[in-house]
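For reference, the structure is listed below as structure tokens.
One-based numbering, in listed order, for ligands and for the atoms of each. Every heavy atom of this structure was used, including side-chain atoms; hydrogens, water molecules and symmetry mates were not.
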Amino acid sequence: MNTAEIRGVEDAHLARFYARKPLAIVSGKGAVVFDAEGKEYVDCAGGYGTCIVGHAHPAVAEAIAQQAHKLISCHGSTYNDARAQLLSKLVGILPTELGRVFLSNSGAEAVECAIKVSRKFTGRRKIIAFKNGYHGKTQGALSATWDSKYRKSFEPLVPDFTHVSYGNFETVKEAISKDTAAVLVEPIQGESGIRVPPPDWLPLLRDLTHDTGAVLIADEIQTGFGRTGKILACEHFSVKPDMICLAKGIASGLPIGVTASNAEIMGSVAVGEHSSTYGGNPVVCAAAEATIGVLLEERLVENAAKVGAYFKQKLVDMQNDLRIIREVRGLGLMLGTEMRFDVYSIIQSAIQNGVLLLDAGRNVLRFLPPFCIQPDQVDQVVSCLTAILVKEQIAKLPS
Ligand SMILES: Cc1ncc(COP(=O)(O)O)c(C=O)c1O
């Protein structure tokens with residue numbers, strides 16, 4: 001099928017829930033993807049951060065194929081070798097305190113589980129989340145998500161959620177009490193524009209949750225699994241959360257969610273109170289196990305730190321040269337540039353010039369490339385962007 005045919009069918013039948021880009025991606029390799037006509041794009045969208053070890057990595061593809069030939073379906077009520085192998089590898093890269101894991105199918109599901117478990121464990125109802133925070137769009141996760149554009153058509157949402165200012169210590173201190181079940185926080189806010197909190201803020205949240213007995217839940221769905229140059233972004237702040245939510249790239253883009261905590265916290269939920277039919281599916285587990293193997297063997301977390309620092313410096317240089325970039329933010333390969341205007345047209349021009357980018361809010365360009373991206377590919381992205389922005393600058397600013 002060519003792009004026009006693919007678009008014709010999808011436009012006719014797919015629910016119109018997404019703002020769509022005018023291209024059809026049909027294959028990929030490493031940090032590049034190809035459209036239906038064979039045109040190549042450097043992929044800084046990375047399937048919204050789900051492609052971490054590179055597109056169609058042979059080791060991951062082989063693990064999926066082998067498992068699919070062996071067993072595709074196996075519910076969590078039965079033991080399974082692929083699931084056991086994934087769990088051994090997964091707990092091996094997570095802090096030892098997070099050794100009890102619930103497997104589901106998406107980020108929102110991982111957050112739903114965290115909300116329920118923290119309420120059950122503490123016997124409390126109140127959840128503190130943050131302004132500009134994003135935690136997904138199912139009804140519980142949406143109650144923690146801040147932006148009214150996502151929430152307003154679906155109210156009333158789940159009660160007892162409060163949103164306080166991100167990065168501000170006093171507002172959390174005022175909001176938290178012995179009635180707080182959990183504080184749910186992104187260590188770096190992703191969807192709302194790559195916002196990195198002050199260095200002492202997460203440690204202070206840790207202290208406050210200790211003092212009040214609330215569960216500190218780190219939503220590492222976008223930041224986690226090496227994206228920021230460490231397995232968990234919380235490590236940058238020397239904070240150990242009570243619970244984490246992971247998803248996105250764990251299984252190289254197959255659907256997975258992880259909620260991890262200690263045995264005492266996870267043990268508060270009784271058998272049957274929470275479940276998910278596909279959670280821990282053998283094919284997804286095999287993909288995730290292979291993904292962790294590749295992350296470690298190819299030292300991709302180190303690469304995310306190294307190439308991420310190079311990428312950020314290139315963006316800062318571009319900022320210094322051009323007057324239309326307000327700020328460059330982020331860690332590792334979770335980067336954003338805040339522009340002085342809407343970024344929609346930049347993303348469209350980048351597509352025409354062979355680069356895929358994301359937005360994060362109206363005026364932030366977001367970069368979530370696979371961790372295998374190389375410096376020469378970063379150079380290609382930056383020179384494409386510079387050419388586009390020079391034109392924008394001429395058009396937008398008085399000379
Ligand atoms: C921090 C964070 N939490 C939760 C989610 C929701 O994940 P999903 O879309 O897999 O439900 C996302 C998705 O972008 C996210 O970035």
Suppose we screen for side chain to side chain contact (heavy atoms under 4.5 Å, CB included). Which residues come up paired with Glu10, at least two apart in sequence or across chains?
Ile6, Leu14, Arg20
Out of Lys149, Arg366, Lys137, which one pairs with Glu191 under the salt bridge (charged side-chain N to carboxylate O under 4.0 Å, His left out) rule?
Arg366
Full working for side-chain contact (heavy atoms from CB on, under 4.5 Å) between Arg119 and Arg124:
CA-CA 5 Å; Arg119 283 182 162 177; Arg124 307 171 183 177; over 6 Å; no
Just the distances, no angles: every ligand 1 N or O to protein N or O pair closer than 3.5 Å, one line each.
residue: ligand 1; atom: 3 (N); partner: Tyr134; partner atom: O; Å: 3.4
residue: ligand 1; atom: 3 (N); partner: Asp219; partner atom: OD1; Å: 3.3
residue: ligand 1; atom: 3 (N); partner: Asp219; partner atom: OD2; Å: 2.7
residue: ligand 1; atom: 10 (O); partner: Gly107; partner atom: N; Å: 2.8
residue: ligand 1; atom: 11 (O); partner: Ala108; partner atom: N; Å: 2.8
residue: ligand 1; atom: 14 (O); partner: Glu191; partner atom: OE2; Å: 3.3
residue: ligand 1; atom: 14 (O); partner: Lys248; partner atom: NZ; Å: 2.9
residue: ligand 1; atom: 16 (O); partner: Gln222; partner atom: NE2; Å: 2.8

Under a 4.0 Å threshold between the charged nitrogen and the carboxylate oxygen, would Arg206 count as salt-bridged to Asp242?
yes
Cut-off 3.5 Å, no hydrogens considered: what does the side-chain donor-acceptor table look like for residues 88-103, sequence neighbours left out?
residue: Ser88; atom: OG; partner: Ala84; partner atom: O; Å: 3.1
residue: Lys89; atom: NZ; partner: Glu289; partner atom: OE2; Å: 3.1
residue: Glu97; atom: OE2; partner: Lys240; partner atom: NZ; Å: 3.4

Partners of Ala290 by side chain to side chain contact (heavy atoms under 4.5 Å, CB included), sequence neighbours excluded?
Val60, Ala63
